[in-house]
> 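Please read through the structure below; I'll follow up with questions.
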Number of protein chains: 2
Amino acid sequence: MATMEEIAEKAGVSQATVSRVINGHSGVSERKRKLVMEWVRKLDYQPNRTAQSLKNKKSYLIGIIIPEISNPYFSEIIEKVEIEAKNQGYNVIIANSNGNKQTEKNVISSMQSRQIDGLLIAPIDKDSSHIKNLIKKNVFVVMLTQHLNGFSSVSVSHFNGGFKVAEHFNDLGHQSIAFIGNENDPKFKGFKKGLSKNGLKFDNNNLIEVKSWGGQMSSHEVYNSLNNFIKSKSRIDITGIFAYNDLAAFGAMNALVDNGLKIPNDIAVVGFDNTFIAQELRPTLTSVAQPTGEIGRLSVEILLKKIEGKLVEDKEVILESRLIVRESTRKLE
Amino acid sequence: MATMEEIAEKAGVSQATVSRVINGHSGVSERKRKLVMEWVRKLDYQPNRTAQSLKNKKSYLIGIIIPEISNPYFSEIIEKVEIEAKNQGYNVIIANSNGNKQTEKNVISSMQSRQIDGLLIAPIDKDSSHIKNLIKKNVFVVMLTQHLNGFSSVSVSHFNGGFKVAEHFNDLGHQSIAFIGNENDPKFKGFKKGLSKNGLKFDNNNLIEVKSWGGQMSSHEVYNSLNNFIKSKSRIDITGIFAYNDLAAFGAMNALVDNGLKIPNDIAVVGFDNTFIAQELRPTLTSVAQPTGEIGRLSVEILLKKIEGKLVEDKEVILESRLIVRESTRKLE
DNA sequence: TTGAAAGCGCTAACAC
DNA sequence: GTGTTAGCGCTTTCAA
């Protein structure tokens with residue numbers, strides 16, 4: 001790759017003049033400017049960003065660290081992050097933490113070594129010491145999906161999402177609804193809150209726990225759990241099911257159908273995340289949408305503002321989820 | 001961030017000595033080595049990779065450019081690429097080309113400016129001039145999903161995949177099978193070849209074309225196309241359907257069910273890509289699996305070998321797909 | 001075993 | 001307007 005020095009030599013000017021032309025500084029004669037540009041074209045000159053970074057102490061590079069790139073939820077966010085960053089003249093370095101804290105710690109180090117200007121991270125455990133240390137180190141960070149004091153963050157309230165599901169069920173006249181998922185999931189808490197607001201109480205017998213966390217492979221597990229749940233009952237007394245994500249809802253729907261139950265007539269089903277699966281299922285699935293595009297776009301926007309000194313204080317953005325009503329829920333007759 | 005200069009000052013040695021210690025070079029007294037290491041720890045020294053890159057003309061950075069990060073097929077590859085690269089001490093810069101040639105050209109430039117050591121690219125159009133130019137520029141490239149002379153590549157033979165589907169249908173006694181997808185798709189060509197090997201000829205009336213290419217949103221389109229196809233027939237004379245990907249198969253299955261056709265009893269269905277959807281559908285979907293993990297791992301392996309001079313010639317790797325047989329296909333009675 | 005110094009490609013302050 | 005120069009943080013050669 002050509003350097004400014006080479007251009008300078010060819011054009012018979014100093015390297016500083018080449019720099020001035022490249023960077024569009026004023027105070028260069030039209031003649032020399034033309035001459036330099038000509039050689040820039042001829043030699044297909046590309047500025048060396050590494051040298052620029054070193055000199056300017058600014059890399060125009062941001063890092064993003066998430067547990068699992070292949071998770072559709074994250075890959076959608078990454079996609080938007082990259083697009084937004086590119087628009088603002090930044091490149092993005094990506095890394096999987098693989099749900100492993102040591103790996104997470106290592107990639108953080110690695111990115112710092114690369115002189116990234118800022119970091120987007122969906123931490124495995126926001127209380128890890130290597131996460132908290134970032135505050136002291138004065139690294140610009142926007143946290144995804146979680147919040148911790150001392151950081152900016154962009155997240156979606158799962159609690160509110162769960163709350164909305166409860167309201168929806170209530171609007172439709174449902175009173176006895178099962179939850180499939182983890183007891184500590186905020187969306188479950190929001191769901192219970194929503195029920196109680198309407199004078200209902202969640203029956204703990206209707207909590208169908210699944211062990212593994214969110215991964216794509218849990219649909220079968222959900223199938224089995226719900227299957228057992230149904231078989232254990234002499235009589236089905238629930239009229240609705242709220243599943244912790246779309247895939248779980250998918251598994252649940254299969255279990256229901258296999259047990260001769262019609263959706264939504266016998267049992268209504270609601271999912272979470274509103275992945276593309278939701279609109280492809282039969283019946284189509286009512287689900288809570290998380291605005292992944294917004295998460296990606298906003299997190300970059302905030303990060304760049306911090307980097308560029310346009311934002312000093314930390315910002316905690318909590319985006320609203322939206323309930324997308326489809327065929328899998330209907331008014332109770 | 002601390003620099004070698006600072007460490008040197010604290011430890012009372014020269015900066016060159018610090019460098020020697022950091023890089024584990026011999027010829028430093030044990031006393032100074034200890035002293036330096038102590039300050040390295042105290043100041044939490046991290047080498048500045050930007051400065052190293054500039055000096056060494058080696059960035060330990062590779063780029064990956066694909067059309068759409070959020071496409072599960074690509075995000076799986078990216079995940080494996082990042083993991084493999086990380087294991088070998090490389091970081092990865094990612095970019096969406098968004099199916100836009102100009103964007104692709106820009107991000108290639110941008111990555112070259114960053115002094116990446118090598119590039120992984122799933123090109124929009126391998127015949128674009130900016131792609132071909134990479135050969136002249138002596139950039140190390142491994143092409144994904146396609147091959148072009150002058151480059152190394154890792155891909156999966158869709159032709160063979162289609163061929164296998166034909167064989168499978170043949171084994172099950174099917175003779176009249178529809179294809180949903182694009183006429184020029186290699187998997188369709190392989191499919192026809194497989195049929196003809198068994199003395200069958202594909203009936204062009206059974207080609208159900210869909211315009212848009214592969215995106216996640218095409219399932220409805222497929223639904224409509226197949227629906228029209230079925231409605232236009234007085235009598236269904238096909239016994240099987242081969243869809244260009246799992247999502248298309250999904251749409252097809254919905255259309256079949258809505259038209260009162262049973263899968264696989266009335267019509268068998270085969271998909272492509274073996275995404276997680278395949279095993280979640282009811283009935284579970286027979287599909288052609290592409291080894292995304294292998295693609296990611298191998299492409300990095302080849303790229304790094306080229307970068308490190310361990311491989312001189314270009315390498316074209318064509319991985320085999322595998323037919324995963326599930327419930328959506330059965331022997332014709 | 002150690003330090004001084006050159007230089008990677010660039011920006012910018014300073015001189016003329 | 002233009003060139004010279006210092007210096008970003010590092011590696012490596014050369015001398016001592």
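Predicted model, so just to flag it, every value in this text is computed and none were measured. So you know, we letter chains A, B, ... as the sequences are listed, proteins then strands, and number each from 1.
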> Nucleotides 13-15 of chain C: which of its N/O atoms have a protein N/O under 3.5 Å away?
| from | atom 1 | to | atom 2 | distance (Å) |
| --- | --- | --- | --- | --- |
| C:dA13 | N6 | A:Arg20 | NH2 | 3.4 |

> Using atom types as modelled and distance alone, determine if a side-chain donor or acceptor of B:Ser75 lies under 3.5 Å from a backbone N or O of B:Pro72.
yes
> Identify the two heavy atoms, one from A:Arg114 and one from B:Thr50, that lie closest to each other, and give their separation to 0.1 Å.
O-OG1, 3.8 Å
> Could you work out, with side-chain hydrogen bond (donor to acceptor under 3.5 Å, both in side chains) as the rule, every residue matching B:Lys137, not counting sequence neighbours?
A:Asp44, B:Gln112
> In residues 29-41 of chain A, which ones come under 4.0 Å of DNA chain C, going by heavy atoms?
none
> If you restrict it to nitrogen or oxygen atoms, what contacts under 3.5 Å exist between nucleotides 8-10 of chain C and the protein, and what is each distance?
| from | atom 1 | to | atom 2 | distance (Å) |
| --- | --- | --- | --- | --- |
| C:dC8 | O3' | B:Lys57 | NZ | 3.1 |
| C:dC8 | O2 | B:Lys55 | N | 3.4 |
| C:dG9 | OP1 | B:Lys57 | NZ | 2.6 |
| C:dG9 | N2 | A:Ala51 | O | 3.4 |
| C:dC10 | OP1 | A:Tyr45 | OH | 2.4 |
| C:dC10 | OP1 | A:Asn48 | N | 3.1 |
| C:dC10 | OP2 | A:Met4 | N | 2.7 |

> Listed by chain and number, what are the side-chain hydrogen bond (donor to acceptor under 3.5 Å, both in side chains) partners of A:Thr145, not counting sequence neighbours?
none
> Does anything in residues 16-36 of chain A form a ring pair (Phe, Tyr, Trp, His ring centres under 6.0 Å)? List the pairs, not counting sequence neighbours.
none
> Kindly indicate whether the side chain of B:Gln52, heavy atoms from C-beta on, has any atom under 4.5 Å from the side chain of B:Pro47.
yes
> How large an angle, rounded to 10°, do the end axes of the helix from C:dT1-D:dA16 to C:dC16-D:dG1 enclose when each is built from five base pairs?
50°
> Measure from NE2 on B:His25 to P on C:dG3 and round the result to the nearest Å.
16 Å
> Which residues pass the side-chain contact (heavy atoms from CB on, under 4.5 Å) test with A:Asn100, sequence neighbours left out?
A:Gln102, A:Thr103
> Does the pair B:Arg297/B:Glu294 count as a salt bridge with the N-to-O cut at 4.0 Å?
yes
> Which pairs count as salt bridge (charged side-chain N to carboxylate O under 4.0 Å, His left out) when at least one residue sits in residues 5-25 of chain B, sequence neighbours excluded?
none
> What residues, two or more places apart in sequence or in another chain, satisfy salt bridge (charged side-chain N to carboxylate O under 4.0 Å, His left out) together with B:Glu104?
none
> For B:Lys306, give me all partners under salt bridge (charged side-chain N to carboxylate O under 4.0 Å, His left out), at least two apart in sequence or on another chain.
B:Asp314
> With ring pair (Phe, Tyr, Trp, His ring centres under 6.0 Å) as the rule and sequence neighbours excluded, what pairs involving residues 64-102 of chain B come up?
B:Tyr60-B:Tyr90
